[in-house]
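Residue numbers begin at 1 in each chain, while the letters A, B, ... track the order of the sequences.
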Number of protein chains: 2
Amino acid sequence: MENLKIFIADDHQILIDGLTSFFNELDGFEVIGHANDGLILLQEIATKTPDIVLLDLNMPKLDGMATLKKLKDNYPNIKVIILSNYHQSQLIKEAKALGANGYVLKNGSKSDLLSAIETVQTGKFYFPEEESKIENQSLFTDEFMKKHQLTKREVEIIRLVCKELNSKEIADKLFIAEFTVTTHRRNILSKLEIKNTPALINFAKQNGIA
Amino acid sequence: MENLKIFIADDHQILIDGLTSFFNELDGFEVIGHANDGLILLQEIATKTPDIVLLDLNMPKLDGMATLKKLKDNYPNIKVIILSNYHQSQLIKEAKALGANGYVLKNGSKSDLLSAIETVQTGKFYFPEEESKIENQSLFTDEFMKKHQLTKREVEIIRLVCKELNSKEIADKLFIAEFTVTTHRRNILSKLEIKNTPALINFAKQNGIA
DNA sequence: ATGTAAATACCTAATATTAAGTATTTTTGG
DNA sequence: CCAAAAATACTTAATATTAGGTATTTACAT
């Protein structure tokens with residue numbers, strides 16, 4: 001059986017180099033090319049014909065989604081597995097809609113990646129469940145909550161602020177009064193000793209809760 | 001000569017797996033452990049003694065800088081090479097100040113990484129030049145600005161918003177009227193088709209301009 | 001069971017942001 | 001030099017956030 005031809009697109013060359021080594025170690029895989037951005041990927045694909053493209057979502061020039069669309073428009077037979085930093089149902093949905101065959105988190109393990117490749121290769125799709133994200137984060141958020149004296153509800157609200165909802169929208173989503181959201185936000189700012197929403201978002205990003 | 005013992009800390013398991021394969025391919029290197037966040041790194045280091053730690057800056061729980069500090073406080077002899085997404089002089093400076101031995105960009109190649117390891121291993125430091133950051137950002141920001149039709153001033157203001165300044169403070173800093181800042185912010189939101197500050201910050205982070 | 005923390009809710013008032021329109025000056029590219 | 005783009009500045013008005021204070025109900029743990 002012939003090797004499975006893989007093309008890797010990611011703006012981090014280090015990751016490409018690492019994955020290339022990884023596939024070299026294994027039998028049955030061959031990395032036939034790589035690109036650091038979407039435009040180069042599309043150029044390269046014109047002359048190479050991979051079986052599978054591993055596509056990072058976060059690239060300069062032409063971002064992952066745009067690249068995915070063009071790729072699928074022009075080469076519908078090439079299987080595409082998204083490599084993403086984020087477990088966000090919105091992104092997963094969008095990737096599905098644009099024709100991606102799989103979606104693997106970068107903080108998943110190599111076996112996830114191999115499962116995805118195997119699954120996709122047999123014509124099936126490989127996507128993470130869109131639910132369970134609340135479970136998911138709770139053990140990791142624990143430490144963090146204690147450290148900053150934040151309550152569950154407060155963390156929940158921080159996340160929604162980071163998702164660009166305003167207080168009214170958060171209130172509707174949680175079925176509570178806007179007043180309550182305002183109170184929570186005030187308490188959050190006070191506990192974190194910050195004074196505005198940008199600071200809150202920076203804090204959330206730095207602590208990986210958003 | 002004994003193998004060089006490497007420990008890898010990065011929140012993306014895929015990157016760890018890739019790099020591990022990469023080092024396995026080579027002679028003289030051995031990956032003795034890995035961690036997906038700073039806390040686990042510190043726990044592991046208590047029992048393992050790597051020669052070199054490859055440390056991602058962007059990790060949950062305990063971020064790269066905080067981890068670096070603790071690591072260097074407790075194990076000053078372990079060499080630490082920062083793996084970073086960003087070529088920002090501020091970060092480079094901070095890492096230096098905290099005792100890092102090297103700083104490698106993830107969008108650099110594997111040979112950069114090997115050079116860094118070699119350099120560090122001989123007791124020297126390996127850092128990218130801090131200058132040329134204006135160059136640096138401008139060519140990378142260039143594409144980005146065109147893509148989103150943003151002007152220089154607008155990008156400047158986006159950065160300041162991300163730095164948690166409000167419109168008044170931005171106005172003072174740039175010696176322009178608050179009205180003007182407001183106008184710029186309005187134009188920015190309109191061009192990016194977003195509707196509030198959290199969305200602006202998310203956009204900036206996603207595009208690496210903040 | 002009972003005290004404490006958390007979540008809820010409301011009020012007032014000050015600040016900040018967003019929306020929409022307009023207009024002048026400065027910079028820049030051809 | 002000239003046209004176009006960018007940066008500047010102002011007005012009015014609607015929303016949203018932040019800063020106070022206060023109070024009730026739930027949930028939780030000793």
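In this entry the distance linking CD of Glu169(A) with C1' of dT18(C) reads 14 Å, nearest Å. The interatomic distance linking Arg186(A) (CZ) with dA7(C) (P) rounds to 15 Å, in whole Å. For the pair Ile176(A) CD1 and dC10(C) P, the interatomic distance rounds to 11 Å; values are reported in whole Å. If you take NZ of Lys195(B) and P of dA19(C), they are 8 Å apart, rounded to a whole angstrom. Phe179(A) has its CZ atom 10 Å from the P atom of dA9(C), to the nearest Å. Rounded to whole angstrom, the span from the CG atom of Asn166(A) across to the P atom of dT18(C) amounts to 11 Å. One interatomic measurement links the two molecules: CG of Asn187(A) to P of dG21(D), which rounds to 12 Å at whole-angstrom precision. In this entry the distance linking CD of Glu154(B) with C1' of dT27(C) reads 15 Å, nearest Å.
Comparing Thr183(B) and Glu178(A) against DNA chain D, the residue whose closest nucleotide sits nearer the 5' end is Thr183(B). Two residues, Lys168(B) and Ala177(A), neighbour DNA chain C, and the one matched to the more 5' nucleotide by heavy-atom proximity is Ala177(A). Each of Phe175(A) and Lys191(A) was assigned the nucleotide of DNA chain C with the nearest heavy atom; the assignment lying further toward the 5' end belongs to Lys191(A).
The side-chain contact (heavy atoms from CB on, under 4.5 Å) with Glu156(B) is formed by just one residue from the set Arg153(B), Arg159(B), Glu154(B); it is Arg153(B).
Phe22(A) does not carry Lys110(A) over the face of its six-membered ring by the limits of under 6.0 Å from the centre and within 45° of the normal.
The side chain of Thr197(A) lies closest to dT18(D) when the candidates are dT18(D), dT18(C), dT17(C).
Using a 4.0 Å heavy-atom criterion, one finds that Thr180(B) contacts the bases of the nucleic acid, with or without backbone contacts as well. Thr182(B) comes within 4.0 angstrom of a base, heavy atoms only.
With hydrogens and angles left out, the side-chain atoms of Asn202(B) and Lys205(A) include a donor and acceptor closer than 3.5 Å. In this model, a donor atom of one side chain and an acceptor atom of the other lie less than 3.5 Å apart for Ser84(A) and Tyr103(A).
Within a 6.0 Å radius of NZ in Lys173(B), other residues, nucleotides and ligands contribute 12 heavy atoms or fewer.
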Inset, instruction - List the steps and the verdict of side chain to side chain contact (heavy atoms under 4.5 Å, CB included) for Thr67(B) and Leu41(B). - result: CA-CA 8 Å; Thr67(B) 307; Leu41(B) 168 65; 3.3 Å; yes
Inset, instruction - Applying side chain to side chain contact (heavy atoms under 4.5 Å, CB included), run through Leu174(A) and Leu160(A) and close with a yes or a no. - result: CA-CA 10 Å; Leu174(A) 301 180; Leu160(A) 293 173; 4.1 Å; yes
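At dT18(C), one or more side-chain N or O atoms of Arg185(B) fall inside 4.0 Å of OP1 or OP2 (strictly under the cut-off). Applying the 4.0 Å criterion to OP1 and OP2 of dT8(D), one finds that His184(B) has a side-chain N or O inside that range. Residue Arg153(A) places at least one side-chain N or O closer than 4.0 Å to OP1 or OP2 of dT8(C). Between Ser167(B) and the phosphate of dT17(C), there is a side-chain N or O to OP1/OP2 separation shorter than 4.0 Å.
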Inset, instruction - Summarise how protein sits on nucleotides 24-30 of chain D as a single string, 5' to 3': B when a protein heavy atom is under 4.0 Å from the base, S for sugar-phosphate-only contact, - for no contact. - result: -------
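No donor-acceptor pair closer than 3.5 Å links the side chain of Ser190(A) to the backbone N or O of Arg186(A).
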